[in-house]
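What follows is a short report on a single structure.
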There are 2 protein chains.
Amino acid sequence: MYKKTMYICTMYSKELLKGTLKTIILKMLSESDSMYGYQITQKVKEITEGKIVLTEGALYPALHKLEADGLLTTKKQTVGNRVRKYYSLTKTGNSDAKEKVEELKEFMETLKAIINLTPQKLAWSI
Amino acid sequence: MYKKTMYICTMYSKELLKGTLKTIILKMLSESDSMYGYQITQKVKEITEGKIVLTEGALYPALHKLEADGLLTTKKQTVGNRVRKYYSLTKTGNSDAKEKVEELKEFMETLKAIINLTPQKLAWSI
DNA sequence: ATCTTATGCATAAGAAAATTATGTAAAAAC
DNA sequence: GTTTTTACATAATTTTCTTATGCATAAGAT
């Protein structure tokens with residue numbers, strides 16, 4: 001019998017995270033030579049002070065997809081008696097990463113236009 | 001025979017929009033007495049300069065869900081020969097709207113921590 | 001010593017939330 | 001009079017995640 005520790009405890013309704021996972025992965029990898037899956041979850045958790053916690057069930061399939069799409073390459077490395085799978089960006093992956101991050105920035109700017117809406121601003125057009 | 005005009009043309013990969021729809025709806029309604037579905041799509045398009053375009057297939061089910069959950073109430077109004085369905089926030093809906101918007105703001109702040117990451121910052125912990 | 005937690009990968013079942021497509025119908029614009 | 005816009009709605013499908021399951025080694029606690 002085995003026990004699995006809980007790994008979900010973001011302070012946000014997780015819905016918001018949807019659609020941002022791949023961008024997060026690509027950004028993380030674009031700031032490092034290479035990282036392995038578990039390491040990515042830990043770094044993201046650390047950087048966001050525990051506010052964003054990637055789940056394995058989402059992370060690994062996403063990594064596999066990105067690799068299949070040619071954005072990532074892998075290198076296996078044995079540490080002690082265990083195998084780590086290091087991911088790094090391909091050339092395509094690198095430019096895609098920049099694109100996706102830019103897109104996310106712009107999207108966040110656009111969202112602000114709605115979030116910072118006041119009745120006055122809305123009234124102009126009603 | 002009828003023809004349906006295309007209504008999808010956001011400048012963003014639509015993925016990013018996922019999870020933000022309800023928050024957007026609630027925010028729009030919190031800045032207005034009441035709005036009807038089509039009006040919401042038009043206002044959002046206008047405010048975001050065409051960058052965010054809500055689709056009917058997503059909007060209406062979301063509105064129905066929010067109503068079923070007690071966040072919205074509806075009033076039907078006949079204009080000419082057609083019926084408009086005006087939505088407005090309930091008391092619960094109002095506080096929920098504030099909550100969701102706050103959550104989105106905080107989430108965006110957290111995302112920034114990742115997006116603005118530099119190799120130096122990441123290196124601290126690698 | 002042994003039990004638990006942490007590390008490290010992976011995949012499958014199910015849910016949630018969207019896209020896409022379809023449908024109706026009146027009003028306005030051309 | 002034909003097309004576009006306004007205005008609703010729902011169903012089929014896809015995408016993307018959560019949740020659960022599974023295996024296995026290493027480290028830390030008791």
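Note that the structure is predicted; figures quoted are calculated from it, not measured.
- A close approach under 4.0 Å does occur between a side-chain nitrogen or oxygen of B:Lys85 and OP1 or OP2 of D:dA9.
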Using distance only, find each side-chain donor-acceptor pair of residues 80-87 of chain A under 3.5 Å and give its atom names and separation, not counting sequence neighbours.
| from | atom 1 | to | atom 2 | distance (Å) |
| --- | --- | --- | --- | --- |
| A:Arg84 | NE | A:Tyr36 | OH | 3.4 |
| A:Arg84 | NH1 | A:Tyr86 | OH | 3.1 |
| A:Arg84 | NH2 | A:Tyr36 | OH | 3.4 |

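- Checked for salt-bridge contact, B:Asp96 and B:Lys100 miss the test: no charged N lies under 4.0 Å from a carboxylate O.
- Atom CD1 in B:Ile40 sits about 13 Å away from atom C1' in D:dC8, given to the nearest Å.
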Give me, pair by pair, the N or O atoms of the protein and of nucleotides 11-15 of chain C that are less than 3.5 Å apart, along with how far apart they are.
| from | atom 1 | to | atom 2 | distance (Å) |
| --- | --- | --- | --- | --- |
| C:dT11 | OP2 | A:His64 | ND1 | 3.3 |

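- Remark: P of D:dA9 and CG of B:Leu59 are 9 Å apart, rounded to the nearest angstrom.
- Residues B:Val83 and A:Leu21 both approach DNA chain D. Their nearest nucleotides, taken by heavy-atom distance, put B:Val83 toward the 5′ side.
- The shortest distance between side-chain heavy atoms of A:Ile24 and B:Leu111 falls below 4.5 Å.
- Between the CD atom of A:Glu67 and the C1' atom of C:dC9 there is a distance of 13 Å, rounded to whole Å.
- Residues B:Glu31 and B:Lys27 are paired through a salt bridge, judged by an N-O separation under 4.0 Å between the basic side chain and the carboxylate.
- Of the side-chain N and O atoms in B:Tyr36, none sit less than 4.0 angstrom from OP1 or OP2 of D:dC8.
- Computed from coordinates, the A:Tyr38 OH to D:dC23 P distance equals 20 Å when rounded to whole Å.
- Atom CG in A:Leu66 sits about 10 Å away from atom P in D:dC17, given to the nearest Å.
- Rounding to whole angstrom units, NZ of residue A:Lys65 and C1' of D:dT15 are separated by 10 Å.
- Among the heavy atoms of the strands lying under 4.0 Å from A:Arg84 are primed sugar atoms or P, OP1, OP2 only; no base atom is included.
- Counting heavy atoms from C-beta outward, A:Leu26 and A:Val101 have side chains that stay 4.5 Å or more apart.
- Positionally, the nearest nucleotide of DNA chain C for A:Leu63 lies more toward the 5' end than for the other of B:Val79 and A:Leu63.
- Counting only heavy atoms from C-beta outward, the side chains of A:Ile25 and A:Leu59 approach each other to under 4.5 Å.
- The interatomic distance linking A:Lys22 (NZ) with D:dT15 (C1') rounds to 9 Å, in whole Å.
- Remark: A:Glu46 engages A:Lys43 in a salt bridge, criterion side-chain N to carboxylate O under 4.0 Å.
- The distance from atom CZ of A:Arg82 to atom C1' of C:dT5 is 12 Å, rounded to the nearest whole Å.
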